[in-house]
Each structure stands twice: as C-alpha cells, then as structure tokens.
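Since the structure is predicted, the reported quantities are computational estimates derived from the model, not experimental observations.
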Amino acid sequence: VEEYEYYYTDTGEVIPQGEVDAAYAGGRSVSSRAKTYRDAEYTVAAAVTIPGSLDYRFYGADQCVTGSCHCVECGGKKILVDCGLQQGRDEKDNQALDFNAGYIDAVVVTHAHIDHSGRIPLLVKQGFAGNIYCTRLTGQLLSIMLRDSAHIQESEAEWKNRKNARAGLPPVEPDYTIEDAETAVSLFVGVDYGRKVELAPGVEARFTDVGHLLGSASIELWVTEGEETRKIVFSGDIGNTHQPLLRDPQPIHEADYVV
C-alpha cells in the first residue's frame, strides 16, 4: 500500500493534494513523499514531483551511498535507473523491493558495480520481464558478476540453513539464484555510446562514457509529453582523468534536471 503527502520544498509545510496545481501556478516548488507499508514495517521512498505528469522516485542510495535505484514515471511508463544491492551499513533488506517489479517497463544500468546492479536478478525473480539497457561492455561484465553474486547468495543461504537446522529454526531462501541471474542476463540489450535508443513511447536514452569502469556511463534521458520534451541526466559514478585502460569522462553540456 502506498500513501503520498505533498509539501512545499522550501518550508516543508504539508499541503492538500488538491492545492498542488495552484501551488505550481503560483511558482512554488512542491515535493512529495511516498511511504510503502509491509505488515508492521515501512520504508520511505523520497520522491520529487516535477511540474506536469513527470514523477521521479528514489528507491535506493537515498540518505546512503549504496543500493542505487531510481524510477522515472511519464505517460504511464515506469523506467528504472539501476537496481543495486545495499551494502555494509546501508543494508536493510535486500530481499524487499519498494515497488511492484511487474509494473516496471524498462531498466537502464549505469555500470556493472554490484551496488548499482546487484538486485537486477531479484527484480526479474519478482516479475520484471522487460528489456534491460546497458552498454555492451557493462552487459559482458554483468553476465559474469550477476552469476557470481547469485552463487554467493545461494552459498550464504546454504550456510545459514545448516546453522538453522541445528538450532531448530526455519530455512531461509537466497535473495536470488543463478537461474534468476541467467534470466536477467537474457534480457540485456547492448547499446553503443552516443546512440539514442527508445525505451518506451516518448522516452529516449543515450549512454555517455564517464571513465569509471569499463562500460560505465552517464545516462541522458529525454522525456516527451505532448509538445514538451525535458531532459534528465543520471550521472552514475564518474571516473578520473588520465587513467590506464579507461577513456576520460566525456562532458554533457545541458540538462533540465541532474541526478
């Protein structure tokens, strides 16, 4: 179950949903918060509502570093940018997604590091069946890394179950399996740097080399509603200059919003 509340970005004052359009018309900046409830526990997904029907939600790397996962919704289509594992002190519950995986229409991945990609097999396990767009090198790395991550998930679950059996506790399931990882890999669509690709009607993406890792990219996302097109740039992780094997980060010169 999701509940939303709207508030003035500058003051934090909560306003009724019916007054949001008038606030925009008056030049005020309005944001929204979504609370996703599971049984007695809940997590909060930070959200930004951009004037029009474009909606953006932070489902990971929100008030922490790892677990990058963001969703752009426009024209009834939901585009997920990254789906990473929470790691270290950021980890809460890697088995729980804060959204319905089956409602996601497409995924784009900035790079192969597990804190940006490690829950993609879980996304597939929970019902996602669309295309996963990434650079060709990112796809090649992920075909190895996600299988390896799944092997670790299975091994850890097996170890816990041996302990649980001795303690009389119920068995646990791995977050995802090698089979889930292989299904995810089958959904990859490799994209060349600099080439626009349509993710859904009215949504196009372009991958730009940022020199962080082989295949890493910032993602430029063009979203068109009616006669208006807006551009959101997802930086991903940006590398340094003059590094062996990697090209220097390439600049992006304009955007309406940068994440």
Side-chain angles (χ1 to χ4, degrees), residues 46 48 56-72 79-91 94 106-121 123 131-152 181 184-185 187-199 203-223 229-259:
V48 176
Y56 178 78
R57 300 193 179 276
F58 300 80
Y59 287 116
D62 170 27
Q63 301 181 10
C64 61
V65 176
T66 65
S68 176
C69 187
H70 317 282
C71 185
V72 176
I79 309 299
L80 203 66
V81 181
D82 289 343
C83 193
L85 273 177
Q86 305 158 351
Q87 296 177 310
R89 286 181 292 180
D90 295 341
E91 184 174 345
N94 275 316
V107 177
V108 290
V109 184
T110 58
H111 65 284
H113 281 150
I114 291 298
D115 64 320
H116 287 253
S117 66
R119 289 203 290 178
I120 291 174
L123 187 74
N131 289 332
I132 301 170
Y133 297 89
C134 57
T135 66
R136 289 181 294 104
L137 282 172
T138 292
Q140 290 174 27
L141 287 174
L142 284 177
S143 69
I144 300 169
M145 295 173 67
L146 293 183
R147 288 181 173 98
D148 184 61
S149 177
H151 174 70
I152 293 171
V185 169
L187 300 176
F188 287 168
V189 177
V191 180
D192 293 329
Y193 286 127
R195 182 173 70 86
K196 278 189 177 181
V197 58
E198 184 180 66
L199 307 180
V203 184
E204 292 183 307
R206 182 168 67 192
F207 292 75
T208 298
D209 194 348
V210 288
H212 173 64
L213 175 71
L214 289 173
S216 64
S218 288
I219 297 174
E220 300 168 88
L221 206 63
W222 287 268
V223 179
T229 297
R230 283 166 289 181
K231 179 181 176 182
I232 307 173
V233 172
F234 296 88
S235 70
D237 290 354
I238 299 175
N240 212 329
T241 57
H242 310 301
Q243 299 297 303
L245 301 180
L246 300 173
R247 289 190 288 264
D248 287 354
Q250 302 301 301
I252 295 173
H253 297 287
E254 78 280 319
D256 295 301
Y257 306 96
V258 178
V259 180

Quick one: [atom1] on [X] to [atom2] on [Y], what's the gap to the nearest 0.5 Å?
| X | Y | atom1 | atom2 | result |
| --- | --- | --- | --- | --- |
| I252 | R206 | CD1 | CZ | 7.5 Å |
| I232 | I79 | CD1 | CD1 | 10.5 Å |
| S218 | Y193 | OG | OH | 9.5 Å |
| S68 | Y59 | OG | OH | 14.0 Å |
| H113 | D237 | NE2 | CG | 8.0 Å |
| L199 | W222 | CG | CH2 | 10.5 Å |

Can you tell which of D82, T135, T138 makes a side chain to side chain donor-acceptor pair (under 3.5 Å) with T110?
D82
Would you say the side-chain atoms of D248 pair up with the backbone N or O of H242, donor to acceptor, closer than 3.5 Å?
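Yes: the side chain of D248 pairs with the backbone of H242.
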Taking S117 for its side chain and A112 for its backbone only, find out whether a donor-acceptor pair lies under 3.5 Å.
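Yes, because the side chain of S117 sits within donor-acceptor range (under 3.5 Å) of the backbone of A112.
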For the residue pair H116 and H111, categorise the inter-ring angle as parallel (less than 30°), tilted (30 to 60°) or perpendicular (more than 60°).
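Rings of H116 and H111: tilted, as their planes differ by 30° to 60°.
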Classify the ring geometry of Y56 against F234: parallel below 30°, tilted from 30° to 60°, perpendicular beyond 60°.
tilted
Minimal heavy-atom distance between G211 and S216, with the atoms involved, is N-OG, 3.7 Å
Salt bridge (charged side-chain N to carboxylate O under 4.0 Å, His left out) assessment of R230 paired with D256
CA-CA 6 Å; R230 283 166 289 181; D256 295 301; over 6 Å; no
If you count every heavy atom of other residues, nucleotides or ligands that lies below 6.0 Å from R136 atom CZ, does the total exceed 12?
no
With the side chain counted from C-beta on, respond yes when L221 and V203 share a heavy-atom pair under 4.5 Å apart, and no when they do not.
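A side-chain contact exists here, since the closest heavy-atom pair is under 4.5 Å.
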